[in-house]
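The structure presented is a predicted model; accordingly, all values stated were derived computationally and were not measured. Every number for a ligand or one of its atoms is a count from 1 in the order of the listing. Count residues from 1 along the sequence.
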Amino acid sequence: MSKKIILTEEAPKPIGPYSQAVEVNKVLYLSGQIALDAESRELINENITEETHAVMKNIEAVLRAAGYGFPDVIKCSIFVRNMDDFTAVNEAYGQYFKIDPPARETVEVSRLPKNVNVEISCIAAKI
Ligand SMILES: C=C(N)C(=O)O
């Protein structure tokens, strides 16, 4: 069994005791990403569409650092602070998964780190 910790400057540094991603036997477990800009560490949250795209950009950076891409993603978990954002989040998120989208759940939660509106984690695998 092999285990590799992924850390890239192209995505935000972890804001707690977790790794951006951990790869075990060609399966990549990504921590939840929020819309923090990797360089400025500022939140990108003018609106939920922009925020969701910023989250996906961070996910893409972590995937890329590990040698994966969106087509390798098999499962996502979406946490939103307001389920009224469901449609807008879907519209932005869906642009990254146009064919055979990953399995997924979307859950409304009372609060998220740094009071963001959306956090997304995922699992990718080299099949
Ligand atoms: C942002 C996170 N992934 C966390 O706090 O766990």
Taking Ile15's backbone N and O only, do any of them form a donor-acceptor pair with Tyr18's side chain (distance below 3.5 Å, no angle check)? yes
Look only at the side chain of Lys13 and the backbone of Leu7, and say whether a donor-acceptor pair between them is shorter than 3.5 Å. no
Distance alone, cut at 3.5 Å: any donor-acceptor contact between the side chains of [X] and [Y]?
X	Y	result
Glu105	Ser77	yes
His53	Tyr96	yes
Tyr68	Glu23	yes
Glu51	Asn117	yes

Under 3.5 Å, N/O to N/O: give me all the pairs between ligand 1 and the protein, one per line with atom names and distance.
| unit_1 | atom_1 | unit_2 | atom_2 | d |
| --- | --- | --- | --- | --- |
| ligand 1 | 3 (N) | Gly32 | O | 3.0 |
| ligand 1 | 3 (N) | Glu119 | OE2 | 3.3 |

